Amino acid sequence: MDFIKILREDNDLSDLLWDVCDIEILPEFKMPQDECGHLTYNVSGQTFARAGSGSEYILLDDGSIGFWGSEGECGRIADNLKEFFEFMVNCPYWLDYLEEDEYQDRVGLDEYAKEIFEEHVENAQDIDFDLPKAQQELADRLGIEIKADASDILMRFYHCTRREPGFISTYTENDGSTHSGTGSLFDR
């Protein structure tokens with residue numbers, strides 16, 4: 001399934017993705033953020049979506065999905081587009097799931113994921129938004145299953161963030177000095 005094409009052609013579905021996951025699909029692929037020529041990446045790709053913060057989701061040349069955060073975070077988050085959308089739909093606002101210690105115990109990870117999701121549900125209720133209903137509609141329309149236990153999805157995400165080579169950004173200052181990340185979003 002060509003998720004990007006479907007979302008580009010269906011504005012209502014694209015709006016639903018924004019409401020549930022804070023992801024905007026761009027009308028066309030673009031070059032990743034380069035901070036006026038100061039920012040480079042070790043793996044090439046094209047930006048296909050962004051978050052409300054300005055962070056970018058990048059389809060890397062190897063087919064995996066990279067994330068560049070507006071605060072300088074950078075790393076791989078999914079091995080392919082199908083896994084990316086499955087992760088986003090099942091774990092909206094996924095940056096809240098970056099507590100590495102929780103990934104050491106699968107039972108604890110599931111409980112942790114449910115707690116985070118419940119916090120998002122409560123926050124959404126404050127603005128009269130039914131997150132579970134919208135999430136289910138998004139999943140149905142994209143042909144993605146909502147998992148009762150998100151630990152398998154989260155473990156795939158965790159292993160992808162550790163995959164070598166990591167997706168790394170390097171910022172070059174005007175004086176020529178450089179700053180690079182580790183390539184893992186857990187190393188923040």
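As the structure is a computational prediction, the values presented were derived from the model and not from experiment.
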Would you say that Phe48 contacts Ile65 through its side chain, given a criterion of any heavy-atom pair below 4.5 Å between the two side chains? yes

Give the intermediate values and the outcome of ring-ring contact (aromatic ring centres under 6.0 Å, His included) for residues Tyr97 and Phe117. CA-CA 10 Å; Tyr97 295 82; Phe117 185 75; 8.5 Å; no

Give a yes or no on whether Phe186 and Leu109 share a hydrophobic cluster (residues Ile, Leu, Val, Met, Phe, Trp, Tyr; joining criterion: side-chain heavy atoms under 4.5 Å apart). yes

Can you tell me how far apart CG (Asp130) and CD (Gln135) are? Round to the nearest 0.5 Å. 10.0 Å

Could you list who else is in Leu26's hydrophobic cluster, with ILVMFWY side chains joined at under 4.5 Å, directly or through other members? none

Would you kindly confirm whether Leu98 and Phe87 end up in one hydrophobic cluster when ILVMFWY residues are joined by side chain heavy atoms under 4.5 Å apart? yes

As an exercise, state the distance from CG of Leu138 to CG of Asp19, rounded to the nearest 0.5 Å. 9.5 Å

Under 3.5 Å: donor-acceptor pair, side chain of Glu73, backbone of Glu71: yes

Roughly how far, to the nearest 0.5 Å, is CD of Glu111 from CG of Asp149? 10.0 Å

Who else is in Tyr171's hydrophobic cluster (ILVMFWY, side-chain heavy atoms under 4.5 Å, direct or via others)? Leu39, Tyr41, Val43, Ile58, Leu60, Trp68, Phe167

Mind listing the closest non-hydrogen atom pair of Asn42 and Pro165 along with its distance? ND2-CB, 4.3 Å

Salt bridge between Arg50 and Glu56, side-chain N to carboxylate O under 4.0 Å? no

Whether Asp22 side chain and Gly52 backbone form a donor-acceptor pair below 3.5 Å: yes

Say whether, by atom type as modelled, one donor and one acceptor occur between the side chain of Glu145 and the main chain of Lys147 under 3.5 angstrom. no

Are Leu81 and Trp18 co-members of a hydrophobic cluster defined by side-chain heavy atoms under 4.5 Å apart? no

Just wondering, are more than 12 heavy atoms of other shown residues or ligands nearer than 6.0 Å to CD in Glu173? yes

If we only count heavy atoms from C-beta on, is the Asn174 to His38 side-chain gap below 4.5 Å? yes

With a cut-off of 6.0 Å (strictly less than), are more than 12 heavy atoms of other residues, nucleotides or ligands near NZ of Lys30? yes

What I want to check is whether the side chains of Gln136 and Asp140 have a donor and an acceptor closer together than 3.5 Å. yes

Determine whether Ile4 and Ile6 fall in the same hydrophobic cluster, where Ile, Leu, Val, Met, Phe, Trp and Tyr are linked whenever their side-chain heavy atoms lie under 4.5 Å apart. yes

Is any side-chain heavy atom of Leu95 less than 4.5 Å from a side-chain heavy atom of Phe67? yes

Is it possible for you to say whether Ile168 and Phe157 belong to one hydrophobic cluster, with membership spreading through side-chain heavy-atom contacts below 4.5 Å? no

Would you indicate whether the side-chain heavy atoms of Gln33 and Ser169 approach each other to under 4.5 Å? no

Ser55 side chain to Ser70 backbone, donor-acceptor under 3.5 Å: yes

Please examine the side chains of Phe129 and Leu131, heavy atoms only from C-beta on, and report whether any two atoms are closer than 4.5 Å. yes

For the rings on Phe84 and Phe3, is their centre-to-centre separation under 6.0 Å? no

Check ion pair Arg141-Asp10 (N to O, under 4.0 angstrom): yes

Answer whether the closest heavy-atom distance between the side chains of Glu102 and Leu154 falls below 4.5 Å. no

